[in-house]
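Here's the structure we're looking at; comments come further down.
Numbered from 1 within each chain, the chains take letters A, B, ... in sequence-line order. Just so it is clear, the structure is predicted and the values come from calculations on it, not from any experiment.
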2 protein chains.
Amino acid sequence: MSTAEETTGGEVEPWEEVTPDAARRLLVAAVEAFAERGYHATTTRDIASRAGMSPAALYIHYKTKEELLHRISRIGHDRALDILRTASRREGTAKERLADAVGSFVRWHAGRRTTARVVQYELDALGPEARAEIVALRRQVDAEVRGIIEDGVASGEFDVRDVQGTTLAVLSLCIDVARWFTVNGPRTPEEVGALYADLVLRMVGAG
Amino acid sequence: MSTAEETTGGEVEPWEEVTPDAARRLLVAAVEAFAERGYHATTTRDIASRAGMSPAALYIHYKTKEELLHRISRIGHDRALDILRTASRREGTAKERLADAVGSFVRWHAGRRTTARVVQYELDALGPEARAEIVALRRQVDAEVRGIIEDGVASGEFDVRDVQGTTLAVLSLCIDVARWFTVNGPRTPEEVGALYADLVLRMVGAG
DNA sequence: GGCTGCGCTAAGCGCTCGCTCACCTTGGGC
DNA sequence: GCCCAAGGTGAGCGAGCGCTTAGCGCAGCC
């Protein structure tokens, strides 16, 4: 269990909060389809058939295709935020906390790449209200990383001229992992996490 | 003119190679639409009406909607590669060349964000042969950046353990600019380019 | 053992998609 | 002044989309 936790960057088997079982199967199918082809290129028939059900079954558990994306995005952002908060609020120096935050955040983007891809790149497919809700979560993600960097600057551990710009760059680096990472590649999520943590420490002058 | 060149990261008014005029207007309209809503969410009617033409006019100049994306992606990648090659082959130390490459590459992604967005994020919408052609160009992009980093390591200017991994991270950082940058934001393309060049030099141990 | 309600399916509605086709307009050559 | 190619339009085709509806099978209760 704890091994699996480490390899995925935090969670054993996700979506356990989604019930009943048929709703979860549909949601998992939607994550895979959205990650592979994108939200707009995915049909409700494709999602249903991946879940082993008829097209109409989707509408028993979800009002629209967009509600599926919203649920996925919401749960994914909650999880991402949880990962960063855990790293941010542990004991230790700012350097240790930043390395932990970047390492686990990157492991999540690499290890749970299908989810991360949907979460990070399908935001624009949401309607205005749903998008506003998610954007608020993203601001909290930004605040969490910025907080660690500010702590490091205050304690003298870090040497950063533009805190907000550096925060943006750190998150940017982590998020883009979801775009290029593939399980067929030469690196494991752990290796990428360790490399990126090291690079980020250099970026803040603590390498 | 040279001012404009600097603000956009390299080019004054692009797409000049696309003729005749109607074909260029359609292509520019497609870039805007694809960048705003994504390839699959864009309709041929939307593209044509942005160009001030009827839906059927598109098919006089392009065989399919996908051919439009292919042309955009090809020209955009050529331009991106050109920017990196120019920086890579200028005279100067590896440190200067890497700062120049990252600075101009980032300025292009920020200043010509609509194009960059399509180029970097709509690759999967291409068919197999077209995608293969673009993937080859991307390998050349990677090689150009890796070359500079290898030069810096060889000359002792850089301290990099994992050259390929660091190359990936540098490109990743630059590319993700196209995802988050907005003209309404607080930073100009020049400012982001300068900040990112500085951060990248730190990543390679030359900050 | 019959009834009820829930989860699901088969069929299909209305719509919009990418794309086509028959026809129209226009500017240059003779 | 007439012709024709090039470049455009209006109308619409077949297909596939998101989503709905009528009804089926079956587990649980009396």
Give the first and the last nucleotide of DNA chain C, reading 5' to 3', that has any atom under 4.0 Å from a heavy atom of chain A.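 Boundary nucleotides touching chain A, in 5' to 3' order, are C:dC8 to C:dG12.
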
Any side-chain donor-acceptor pair under 3.5 Å between A:Arg85 and A:Gln140?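 Their side chains do contain a donor-acceptor pair, which is all the 3.5 Å distance test asks for.
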
For the pair B:Arg161 and A:Asp198, evaluate side chain to side chain contact (heavy atoms under 4.5 Å, CB included) and give the outcome as yes or no after the intermediate values. CA-CA 10 Å; B:Arg161 273 175 247 175; A:Asp198 182 61; 3.8 Å; yes

Report yes if some heavy atom in the side chain of B:Arg24 is under 4.5 Å from a heavy atom in the side chain of B:His61; otherwise report no.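 Not touching, per the 4.5 Å side-chain cut-off.
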
Residue pair A:Asp46 / A:Arg37, side-chain heavy-atom distance below 4.5 Å: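 SC-SC contact between A:Asp46 and A:Arg37 confirmed.
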
Distance under 6.0 Å and angle within 45° of the ring axis: does B:Lys65 meet both against B:Tyr39?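 That pair qualifies as a cation-pi contact.
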
Hey, is A:Arg138 close enough to A:Asp142 for a salt bridge, meaning N to O under 4.0 Å?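 Looking at A:Asp142 together with A:Arg138, the answer is no, because their closest N to O distance does not fall below 4.0 Å.
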
Salt bridge between B:Arg97 and B:Asp100, side-chain N to carboxylate O under 4.0 Å?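 The answer is no: the pair does not qualify as a salt bridge.
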
Base, sugar-phosphate or nothing for A:Ser54? Non-hydrogen atoms, less than 4.0 Å.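 It contacts base atoms.
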
Measure the spacing between OH of B:Tyr62 and NE2 of B:His70 and express it to the nearest 0.5 Å.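 That separation rounds to 12.5 Å.
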
If each of B:Leu58 and A:His61 is mapped to the nucleotide of DNA chain C with the nearest heavy atom, which maps nearer the 5' terminus, i.e. the 5' end?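 Its nucleotide being nearer the 5' end, the pick is A:His61.
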
Using chain B heavy atoms and a threshold of under 4.0 Å, write down where along DNA chain D the contacts begin and end, 5' to 3'.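 The contact span of chain B on DNA chain D goes from D:dG8 to D:dG12.
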
